Amino acid sequence: MLIVIGGLPATGKTTLARLLAARLGAVHVRIDTIEQAIVRSGLARQPLGPAGYVVGYALAGEHLRQGLTVIAESVNPLAVTRDAWREVGVEAGVPVAEVEVVCSDPAEHRHRVASRSVDIPGLRLPDWREVVEREYEPWERGRVLVDTAGQGPEESLDALLRGLERVEGSGS
């Protein structure tokens with residue numbers, strides 16, 4: 001299965017993706033990690049455009065064809081990237097679950113943006129203005145929506161797992 005997790009920065013995507021990968025024994029493909037590796041190579045600077053996503057699609061497809069479950073995690077702000085992730089799953093012949101992670105409490109979200117720490121060497125995290133002004137297209141397709149406001153990571157993981165069970169039960 002391909003599980004595509006998207007949402008604005010500091011909503012809890014990476015935390016959820018890591019917890020879910022550990023729970024399922026899945027591969028976690030994180031676009032921030034890929035993009036920063038490309039920058040560190042000296043071949044490019046931020047913003048990279050589609051390069052990180054294209055590498056992510058290739059890695060995810062490779063792992064899926066090996067029979068592994070993949071959790072692809074990124075902001076995934078555009079319909080074109082969401083469609084591309086879906087196509088990766090279709091080409092690999094696996095079900096695709098799309099997940100949007102939000103933090104519906106603006107004060108909590110802003111606090112997360114201001115207080116989080118960098119876990120990828122050299123990665124510059126966006127400030128609050130950059131987060132709220134970021135281009136982010138509304139999701140047109142059905143997806144699992146996980147609101148992390150006011151709850152801990154394990155509670156959010158439980159909500160995500162319940163949502164994924166509904167997707168698997170529907171045959172999507």
Side-chain angles (χ1 to χ4, degrees), residues 1-34 52-53 56-113 115-116 119 125-126 131-132 134-172:
M1 177 177 220
L2 173 60
I3 302 166
V4 181
I5 298 179
L8 287 172
T11 55
K13 297 180 308 297
T14 301
T15 298
L16 278 176
R18 287 175 175 160
L19 289 170
L20 185 61
R23 177 75 61 95
L24 301 180
V27 176
H28 175 201
V29 174
R30 184 178 178 195
I31 298 303
D32 281 347
T33 301
I34 293 168
Y53 279 83
Y57 304 147
L59 288 171
E62 178 74 19
H63 292 308
L64 291 168
R65 286 187 293 281
Q66 293 175 41
L68 302 170
T69 293
V70 173
I71 299 163
E73 179 244 322
S74 62
V75 173
N76 208 13
L78 306 175
V80 67
T81 60
R82 296 175 198 142
D83 292 345
W85 282 119
R86 181 168 282 284
E87 186 60 29
V88 168
V90 168
E91 287 178 5
V94 301
V96 178
E98 296 179 89
V99 178
E100 183 180 19
V101 180
V102 300
C103 180
S104 63
D105 179 339
E108 181 178 345
H109 191 191
R110 186 176 190 149
H111 174 73
R112 289 180 188 181
V113 168
S115 63
R116 68 188 185 145
D119 65 339
L125 297 176
V131 170
V132 297
R134 180 180 198 119
E135 181 179 15
Y136 192 85
E137 296 175 359
W139 292 57
E140 300 288 326
R141 264 191 300 272
R143 78 249 185 239
V144 175
L145 182 64
V146 178
D147 187 351
T148 60
Q151 59 186 15
E154 290 295 334
E155 293 169 290
S156 295
L157 176 62
D158 289 343
L160 174 54
L161 288 167
R162 286 191 304 273
L164 291 174
E165 286 172 4
R166 286 192 299 275
V167 169
E168 290 182 69
S170 72
S172 293

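It should be emphasised that the depicted structure is a prediction, and the values quoted were computed from it without experimental measurement. Numbers for residues simply follow the sequence, beginning at 1.
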At what distance, to the nearest 0.5 angstrom, does [atom1] of [X] lie from [atom2] of [Y]?
X: Trp139; Y: Glu98; atom1: CH2; atom2: CD; value: 5.5 Å
X: Ile71; Y: Met1; atom1: CD1; atom2: CE; value: 10.0 Å
X: Leu157; Y: Leu161; atom1: CG; atom2: CG; value: 4.5 Å
X: Glu165; Y: Leu160; atom1: CD; atom2: CG; value: 10.0 Å

Quick check on side chain to side chain donor-acceptor pair (under 3.5 Å): which of Arg143, Arg82, Lys13 does Glu100 satisfy it with?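 Of the listed residues Arg143, Arg82, Lys13, the side chain to side chain donor-acceptor pair (under 3.5 Å) partner of Glu100 is Arg143.
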Set of side chain to side chain donor-acceptor pair (under 3.5 Å) partners for Arg18, sequence neighbours left out: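 Asp119.
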Partners passing side chain to side chain donor-acceptor pair (under 3.5 Å) against Thr81 (at least two apart in sequence or in another chain):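 Asn76.
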So does Arg110 pair up with Asp105, basic N to acidic O under 4.0 Å?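 Salt bridge between Arg110 and Asp105, a charged N being under 4.0 Å from a carboxylate O: no.
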Find out whether [X] and [Y] are in side-chain contact, i.e. whether some heavy atom of one side chain is under 4.5 Å from a heavy atom of the other.
X: Glu73; Y: Ile31; answer: no
X: Val131; Y: His109; answer: yes
X: Leu8; Y: Arg134; answer: yes
X: Thr69; Y: Val27; answer: no
X: Thr15; Y: Leu19; answer: yes
X: Val70; Y: Ile3; answer: no
X: Val99; Y: Leu20; answer: no
X: Asp32; Y: Ser74; answer: no

Identify all side-chain donor-acceptor contacts of residues 148-156 below 3.5 Å with residues at least two apart in sequence or on another chain.
unit_1: Thr148; atom_1: OG1; unit_2: Thr11; atom_2: O; d: 2.6
unit_1: Thr148; atom_1: OG1; unit_2: Val102; atom_2: O; d: 3.2
unit_1: Thr148; atom_1: OG1; unit_2: Arg112; atom_2: NH1; d: 2.7
unit_1: Thr148; atom_1: OG1; unit_2: Arg112; atom_2: NH2; d: 3.4
unit_1: Gln151; atom_1: NE2; unit_2: Asp147; atom_2: O; d: 2.9
unit_1: Gln151; atom_1: NE2; unit_2: Ser156; atom_2: OG; d: 3.0
unit_1: Glu155; atom_1: OE1; unit_2: Gly152; atom_2: N; d: 2.7
unit_1: Ser156; atom_1: OG; unit_2: Gly152; atom_2: O; d: 3.4

Within 45° cone of Tyr53 ring axis and under 6.0 Å: Arg30 NZ or CZ: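 Relative to the ring axis of Tyr53, which defines the angle, Arg30 lies outside at least one limit.
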